[in-house]
Protein chains: 2
Amino acid sequence: MAFGRMANSRTTATDRVTDRRSVETAVTPAIVLVRPQLGENIGMAARAMANFGLSDLRLVAPRDGWPNDKALSAASGASAIVEVARVFDRLEDAIADLHVVFATTARERGQGKRVIGPEEAMGEAASGSSDVRHGVLFGPERTGLDGEEIALASAVVTFPVEPGFSSLNLSQAVLLVGYEWFRIARSGALPFNTPAFSRPASREDLVSFFEFLEQALDQSGYFTPAPKRANMWRNLRNIVHRIDATEQDLRTLRSMVVALARERRKADPQ
Amino acid sequence: MAFGRMANSRTTATDRVTDRRSVETAVTPAIVLVRPQLGENIGMAARAMANFGLSDLRLVAPRDGWPNDKALSAASGASAIVEVARVFDRLEDAIADLHVVFATTARERGQGKRVIGPEEAMGEAASGSSDVRHGVLFGPERTGLDGEEIALASAVVTFPVEPGFSSLNLSQAVLLVGYEWFRIARSGALPFNTPAFSRPASREDLVSFFEFLEQALDQSGYFTPAPKRANMWRNLRNIVHRIDATEQDLRTLRSMVVALARERRKADPQ
């Protein structure tokens with residue numbers, strides 16, 4: 001029954017994916033969930049894909065049929081990826097157009113295939129020619145990919161984790177693959193960077209601040225005993241240098257010193 | 001009410017953490033969940049920590065009090081981390097023993113702090129002296145860290161994600177920090193590597209196989225037209241070279257050729 005619905009949804013989804021693909025970079029790797037069990041996990045995987053600019057989601061024989069309301073609601077803002085996901089009965093069909101296929105596994109599975117981490121796999125995907133399509137297979141939540149499925153892959157991808165606690169859930173595994181894709185293909189661009197509120201202080205600003213500070217410290221009796229003065233003052237200036245102060249920072253510090261000096265005179269009239 | 005319970009649990013947890021710490025590397029960064037809302041997320045964060053060898057979990061004013069059964073059950077195999085988590089009323093107390101504190105935020109928060117990615121932050125944590133303790137702050141699920149909390153940090157950590165879809169859930173953010181910690185501090189050691197089932201084939205094995213194959217192909221009439229023979233044979237040997245064959249691989253290939261040749265003779269008796 002469920003598979004009857006899938007046939008319809010597959011046709012529609014393929015058309016929409018084609019539209020979508022035309023406005024996207026063609027080389028992002030495909031994420032292939034093989035026999036996924038829980039709709040929630042499909043939705044969470046779609047969210048993880050959206051976090052890292054992936055959009056080509058393929059499902060092979062999802063246990064609870066397709067479409068799946070739980071997948072849609074768990075995807076939240078990434079529901080578009082779930083809506084255009086392509087669904088296949090057989091893994092062979094899901095990967096037919098791909099050139100390089102990685103199979104994720106948490107344990108050694110005895111096939112003698114090359115074993116690499118997500119960093120190396122996504123490095124290959126990101127550096128390949130744009131007409132070489134990559135895909136990553138993820139197995140069912142409970143059992144992982146079976147031997148026949150792994151045999152269809154070019155290499156095994158496993159995650160650098162503590163050997164004693166290596167279980168990642170499905171969406172976490174997709175998250176780490178997406179993270180490495182973005183880190184490598186997009187050079188790990190952060191969504192925002194260190195803000196510049198004010199221009200860096202010029203050396204002139206800094207010298208002016210030091211003169212002001214030195215005078216204030218002299219008046220406060222800071223430099224005692226006198227023979228240590230040179231060292232004390234050099235240490236203090238070095239601390240201020242380490243701030244890499246902006247113009248605004250120096251104004252803030254200057255007004256702090258003014259306030260402190262005023263407070264002292266009030267509290268301890270001399 | 002909830003905070004009354006916390007005070008008790010805090011004392012116990014601290015004692016146990018001390019025991020635990022003595023058998024662990026001292027320099028793994030602390031994970032500090034500030035005002036976490038859902039027990040499930042605390043448990044999932046603990047699992048993510050266990051995946052990557054982190055164990056120092058600290059909670060500041062968890063919304064639903066402490067201990068929290070949902071946190072324990074979501075932690076599953078990582079419940080030991082939840083059991084020894086230390087709970088604090090104030091963030092200042094939670095980070096008092098740390099030297100470098102990173103605040104994770106998904107948006108620019110206008111404090112002029114240095115903004116770095118998890119890779120750079122964990123690079124600093126992994127390369128620091130063992131008596132410099134690092135910690136990473138994660139805010140409440142709904143709102144993230146507030147301005148006062150961010151002000152307590154040395155730098156802001158944000159994640160390299162699509163600007164249009166930057167929401168990571170709490171345990172995913174912990175997962176990515178843990179992943180970078182393990183990747184850098186443990187050089188990304190994979191839990192298993194490419195297996196060697198059989199010794200690599202010696203050049204002698206390979207030459208022997210080539211002689212066998214060439215004879216079989218001669219008998220099958222593969223090398224036509226004759227002037228192309230040299231090129232055809234070189235291409236074929238190059239393909240076999242790319243297999244990086246083991247001794248076992250060559251036995252497998254040899255028996256395949258034997259079987260194919262036998263089949264041909266049966267089907268097309270000549």
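Residue numbers begin at 1 in each chain, while the letters A, B, ... track the order of the sequences.
Using a 4.5 Å cut-off between heavy atoms, A/T105 contacts chain B through both its backbone and its side chain. In this structure, the portion of B/A106 lying under 4.5 Å from any heavy atom of chain A is its backbone and not its side chain. Looking at B/A50, the atoms closer than 4.5 Å to chain A (heavy atoms on both sides) sit in the backbone and in the side chain alike. Only the side chain of B/R183 has a heavy atom closer than 4.5 Å to any heavy atom of chain A. Heavy atoms of A/N169 lying under 4.5 Å from chain B belong exclusively to its side chain. For B/S166, the part sitting under 4.5 Å from any heavy atom of chain A is the backbone (N, CA, C, O) and nothing else. Neither the backbone nor the side chain of B/D249 comes within contact range of chain A, judged by heavy atoms closer than 4.5 Å. With a 4.5 angstrom heavy-atom cutoff, B/F159 touches chain A only via backbone atoms.
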side-chain contact (heavy atoms from CB on, under 4.5 Å) between A/I81 and B/F165, worked out: CA-CA 12 Å; A/I81 290 176; B/F165 198 89; over 6 Å; no
What do the steps show when you test A/L176 against B/L176 for side-chain contact (heavy atoms from CB on, under 4.5 Å), and what is the final call? CA-CA 7 Å; A/L176 293 180; B/L176 293 180; 3.7 Å; yes
Show, in sequence, the C-alpha distance, side-chain angles and deciding distance for A/F52 and B/E162, and conclude whether the side-chain contact (heavy atoms from CB on, under 4.5 Å) test is met. CA-CA 6 Å; A/F52 299 112; B/E162 277 287 340; 5.9 Å; no
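By the neighbour-count criterion of 12 heavy atoms within 6.0 Å, atom CG of B/N238 is densely surrounded, having more than that number from other residues, nucleotides or ligands. For A/D69, the CG atom counts as loosely surrounded, since its 6.0 Å shell holds 12 or fewer non-hydrogen atoms of other residues, nucleotides or ligands.
Between chain B and the residues A/V161, A/I116, A/V156, A/D244, the largest count of heavy-atom pairs under 4.5 Å involves A/V161. Looking only at heavy-atom pairs under 4.5 Å with chain B, the residue among A/G178, A/S167, A/P163 that has the most is A/S167.
Closest approach of B/P191 to A/P160, counting heavy atoms only: CD-CA, 4.3 Å.
B/E180 and A/Y179 form a side-chain donor-acceptor contact under 3.5 Å, judged by distance and modelled atom types alone.
Of the possible polar contacts, none joining the B/N193 side chain to the A/V115 backbone as a donor-acceptor pair under 3.5 Å is found. A donor-acceptor pair is defined here as one N or O able to donate and one able to accept, closer than 3.5 Å; no such pair exists between the side chain of A/N51 and the backbone of B/L168.
Against chain A, no residue from residues 135-144 of chain B qualifies, as none has a non-hydrogen atom under 4.5 angstrom away.
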